[in-house]
S.K.: 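Please read through the structure below; I'll follow up with questions.
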Amino acid sequence: MSDNLTRLQNIVGKQLGINPIKIKPEADFGKELGADSLDVVELVMAIEDEFEIDIEDQIASQIVTLKDALDYIEEKWEK
């Protein structure tokens, strides 16, 4: 398990009150983790802070699973 995935699981767990170990990469923020639109905005902001990146609104709207967020972060860091 990658360090970035663990960091993401911790962020999501803290924001949504879920045990990070139970958060799977394919988990949908809204459908499976119960995040509403405000939760998602707060998650994006927390991810931006943690990873020191800027996620454009158009991209943020396409991030619906933990894996989507992980892929975006790792792609950003490669550039």
S.K.: Quick one: name the residues clustered hydrophobically with Met45, using the 4.5 Å side-chain heavy-atom rule over I, L, V, M, F, W, Y, and just say none if it's on its own.
M.R.: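 Members besides Met45, by chain and number: Val41.
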S.K.: Can you list, pair by pair, the side-chain donor-acceptor contacts under 3.5 Å of residues 54-66, counting residues two or more places apart and other chains?
M.R.:
residue: Ser61; atom: OG; partner: Gln58; partner atom: O; Å: 2.7
residue: Thr65; atom: OG1; partner: Lys67; partner atom: N; Å: 3.4
residue: Thr65; atom: OG1; partner: Asp68; partner atom: N; Å: 3.1
residue: Thr65; atom: OG1; partner: Asp68; partner atom: OD1; Å: 3.4
residue: Thr65; atom: OG1; partner: Asp68; partner atom: OD2; Å: 3.3

S.K.: Among residues two or more places apart or on two chains, list those pairs meeting salt bridge (charged side-chain N to carboxylate O under 4.0 Å, His left out) that have a residue in residues 28-39.
M.R.: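 Qualifying pairs: none.
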S.K.: Roughly how far apart are Leu38 CG and Leu43 CG, rounded to 0.5 Å?
M.R.: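 Atom-to-atom, Leu38:CG and Leu43:CG are 9.5 Å apart.
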S.K.: Would you be so kind as to tabulate the donor-acceptor pairs closer than 3.5 Å made by side chains of residues 13-27, with sequence neighbours excluded?
M.R.:
residue: Asn19; atom: OD1; partner: Ile21; partner atom: N; Å: 3.0

S.K.: How long is the straight-line distance from CD1 of Ile47 back to CG of Leu8, given to the nearest 0.5 Å?
M.R.: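 Separation between the atoms: 5.0 Å.
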S.K.: According to side-chain hydrogen bond (donor to acceptor under 3.5 Å, both in side chains), does anything in residues 43-52 pair up with another residue at least two apart or in another chain? List the pairs.
M.R.: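 Listed by first then second residue: Arg7-Glu50.
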S.K.: Please list, chain by chain and in numerical order, all residues satisfying ring pair (Phe, Tyr, Trp, His ring centres under 6.0 Å) with Phe51, sequence neighbours excluded.
M.R.: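 If we apply the ring pair (Phe, Tyr, Trp, His ring centres under 6.0 Å) test to Phe51, skipping adjacent residues, the hits are Trp77.
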